[in-house]
Amino acid sequence: MKSKALKKEYGGRVVLDVPEMEFEKGRVYAVMGANGSGKTTFARELVSGGIEDKSVRTGYMPQKNYPFRMSVKKNVLLSGVSEEEADRLLSRLGMAQLAGENAKKLSGGETAKLALARILGKGFDLLILDEPTASMDVESTLESEKMIREYAEDKNAAVILITHSAGQAYRIADELIFLHKGMLFEKGPAKDTIDDPKTEEARKFISL
Amino acid sequence: MKTAIRKAISLILSKDAELLNVLGTTVRMSLSSSLVALLLGVPLGILLGTSRFRGKNVISVINRTFMAMPPVVCGLLFYILFSGVGPLRAFHLMYSVKLMILAQIALITPIVAGNMESFSASIAAPVMETAKGLGLKKGKTFLLLMNECVFQIFFAFLLAFSRAIAEVGAVSMVGGAIAWKTNVMTTSIMEYTNKGDMPRAMGLGIILMVIALIVNVITHAVEKKVAREK
């Protein structure tokens, strides 16, 4: 599937100006860049009609996870999964014992796990995850990465993963997109790009 | 003072017919106007808080202006419309409970709408972004939004009811404070005080304060429940 050339300005300042890009099903694309590099704007633009083919089912997990006022399990069931699948997703993220709890009572990390379980329950052609593991512990982060990778393969979906972690991109991404000041600076195989960034900006960011 | 309070309590306990009539009229008027204000104000507030459309800011500013409308101005407006020389005189609603309810609806609907607008605006963006990200349809998203607003709707109702039951300016102008017909607690307190019937005035005052206490106890309990959820 192909994204349109995306351009966004706020008050005359260009915050995003990227060319068309191709995303293949079954692959994970890591989007990296410093704060304010346009990663979230890129995600939001993709969700808001940024994909050329209108029939592409696009899912999006925002950076700020919102737990709806209902039980944790009911939150996951919103995605349309079966009860068994909801239990399985929660269990993998170590949330089985919290299934009946009010989602508003969860901690930040637990809310992030709930949001991930909720979005992974639904089948999309393109799934965009905005820093899904930012507030998770190491164990949950690694399990989440496995689940994201499996999602791309099992559901034959393209997954765009926004992350600040080069390690995470190295572990699960096929390709890496590096944004700087709203512009596309690099796009290539994740491992190669991390091992040998072509631009100074990417080199600086990844080496930190 | 003590004698007046003692007499007031004995009037309440003896189920004084006039007191009961005033209480019944007050509850009927306050509940009716609060419920209608809720039905009108909640959707309007949510619409203003969650949508973008042409003229939204104008409606929002007008609504906020009406939130600050003095009750006597509201009463005056309804008086001009429904009095013997007003354009709506054919409805024969002057000095009736129905017109008192209408005046109160005009007074408290903007308060409910303004309250809901502020709250829904604060949660609309994350709710709608999450729902859209999950691929949920507009109807389902609206239901989720309403579910998030449940406690706020309840607060809005209590706010509307408190305002309605304590209001005196508009209801006295359009209701005329007629004994056994349009007299409500606030107008009766004024009337009894002017007549020097302090026990009855105190009795109604006590009832009004007890109602205010009950409303506040419920509000506090709901607030605690909301805080526990967060």
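Every chain is numbered from 1 and lettered A, B, ... according to where its sequence line falls, protein lines coming before strand lines. Computed from a predicted structure; not experimentally measured.
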I need the A:Tyr60 OH to B:Thr130 OG1 distance, nearest 0.5 Å.
9.0 Å
Enter the distance from A:Met70:CE to B:Glu148:CD here, rounded to the nearest 0.5 Å.
7.0 Å
Atom [atom1] of [X] with >12 non-hydrogen neighbours under 6.0 angstrom:
X: B:Lys98; atom1: NZ; answer: no
X: B:Met190; atom1: CE; answer: no
X: A:Lys187; atom1: NZ; answer: yes
X: A:Glu139; atom1: CD; answer: no
X: B:Lys140; atom1: NZ; answer: no
X: A:Lys74; atom1: NZ; answer: no
X: A:Met1; atom1: CE; answer: yes

Between B:Ile123, B:Val150, B:Leu144, B:Leu136, which residue shows the highest count of heavy-atom pairs closer than 4.5 Å to chain A?
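Between B:Ile123, B:Val150, B:Leu144, B:Leu136, the count favours B:Leu144.
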May I ask you to list the residues in residues 47-55 of chain B that approach chain A closer than 4.5 angstrom, counting heavy atoms only, ordered by number?
none
Do any of residues 155-174 of chain B come closer than 4.5 Å to chain A, heavy atom to heavy atom, and if so which ones, in number order?
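Checking residues 155-174 of chain B against chain A gives no residue, so none.
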If one checks every heavy atom of A:Leu78 against chain B at 4.5 Å, the contacting part turns out to be both
Report which part of A:Thr111 has an atom under 4.5 Å of a heavy atom belonging to chain B: side chain, backbone, both, or neither.
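Contact with chain B is absent: no heavy atom of A:Thr111 under 4.5 Å.
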Testing the basics here: between B:Leu134 and A:Lys122, what is the closest heavy-atom pair and its distance to 0.1 Å?
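Nearest pair, atom of B:Leu134 first, then A:Lys122: O-NZ, 3.0 Å.
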Closest non-hydrogen atom pair, A:Tyr66 against B:Pro126:
CD1-CB, 3.6 Å
Salt-bridge contact B:Glu129-A:Arg44 (side-chain N to carboxylate O under 4.0 Å)
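Answer for the salt bridge query: yes.
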